[in-house]
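First up is the structure itself, then whatever we jot down about it.
The basis for the numbers below is simple: all heavy atoms, side chains too, and nothing from hydrogens, waters or symmetry mates. Just so it is clear: chains get the letters A, B, ... in the order the sequence lines come, proteins before strands, and each one is counted from 1.
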Number of protein chains: 2
Amino acid sequence: MNVRRTRYYCPVEFAVEVIGGKWAVVVLAHLKDGEHRYGELRRRMPEVSEKVLTTRLRELEDADLVERTSDGGTPPAVTYRLTPEAAELTPALRVLYDWGRRRAEHQGIPIEPVC
Amino acid sequence: MNVRRTRYYCPVEFAVEVIGGKWAVVVLAHLKDGEHRYGELRRRMPEVSEKVLTTRLRELEDADLVERTSDGGTPPAVTYRLTPEAAELTPALRVLYDWGRRRAEHQGIPIEPVC
DNA sequence: ACGTTCACGCACCACAAGGTACGTACTTGC
DNA sequence: GCAAGTACGTACCTTGTGGTGCGTGAACGT
């Protein structure tokens, strides 16, 4: 994990920098329900490119938020899961999930329930 | 609020898009503790430029997450507060706050407690 | 042979986020 | 006069996020 600055003025500011941006949050939201294979994440997130998905997963791994395990086969079966530390964010992710569902419903935005 | 896409695959994805990025989250985190004047937000967030702070506040207002009131004087006294809908995100912001504090402490990153 | 699967990597690009450096206009105090 | 306060706006620039379009190599199925 590369700390961008050496001091912060707010723990939330630090937290969102550690976690990363939009797709990182969505990845964590999927993994909060249990471990996923790469392909499974890809299917659940059809709007992100493979390049970005891979990059964000690597960053989450580097930040010790995600554990990556591979069976070493060919093709490899790679599995991602939340670290215990990242799992502590689950309550926040649940709030976001419920809030987002209510908001989308209110605005008439359809959400496919594959999350 | 400008919806970027017409359908989503995950409520969390939609939520983080509505809320916006890093500085928007930090603004919400400050406002969860009560209304703030513009200058107060600026002092609590010394690492963000006025331009970006103003822009993000406008976006949060447009997304109906923040209410802006002005006394119309010169110079104006402008106050920002969370909308009831945004206030529902408070539990998530609290989780982020505590998580960020613990993580920073663990990594030896100093955080000035002005948040 | 080709196509599909798996989980990536590389080259290149567009645009949003975020920054700097000014500016606005009024009021108050030195 | 200038400086400071208030809360912004404008022009221009840099960097990060996210994208497209390829490619890898092994195994399996048609």
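Checked by atom type and distance alone, the side chain of A:Thr83 pairs as donor or acceptor with a backbone atom of A:Asp64 at under 3.5 Å.
Counting heavy atoms of neighbouring residues, nucleotides and ligands inside a 6.0 Å radius, atom CD of B:Glu105 does not exceed 12 of them.
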- Heavy atoms under 4.0 Å is the rule here; annotate nucleotides 7-14 of chain C 5' to 3' with B where the base is hit, S where only the sugar-phosphate is, and - elsewhere. SBSB----

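A:Thr90 is not listed as a side-chain neighbour of A:Leu28, based on a closest heavy-atom distance of 4.5 Å or more. Side-chain contact check for B:Val27 versus B:Tyr80: every heavy-atom pair is 4.5 Å or farther apart. At least one side-chain heavy atom of B:Ile19 sits less than 4.5 Å from a side-chain heavy atom of B:Leu89.
For the pair A:Ile111 and B:Tyr9, the tightest heavy-atom approach, listed with the atom from each and the gap, is CG2-C, 4.2 Å. The two residues A:Leu31 and A:Leu41 have their closest heavy-atom pair at CD2-CD2, 4.2 Å.
In this structure, the CD atom of A:Glu59 is 9 Å from the C1' atom of D:dT17, given to the nearest Å. In this entry the distance linking NZ of B:Lys22 with P of D:dG18 reads 14 Å, nearest Å. Rounding to whole angstrom units, CG of residue B:Leu60 and C1' of D:dA7 are separated by 17 Å. For the pair B:Trp23 CH2 and C:dA16 C1', the computed distance is 16 Å after rounding to whole Å. Atoms CD (A:Glu17) and P (D:dT15) sit 16 Å apart, rounded to a whole Å. For the pair B:Asp71 CG and D:dT6 C1', the interatomic distance rounds to 10 Å; values are reported in whole Å.
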- Please lay out, stage by stage, how A:Glu40 and A:Arg43 fare under the test salt bridge (Lys or Arg N to Asp or Glu O under 4.0 Å). CA-CA 5 Å; A:Glu40 207 173 342; A:Arg43 281 187 295 277; 5.5 Å; no

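Note on the helix from C:dA1-D:dT30 to C:dC30-D:dG1: angle between the axes of the first and last five pairs equals 10°, rounded to 10 degrees.
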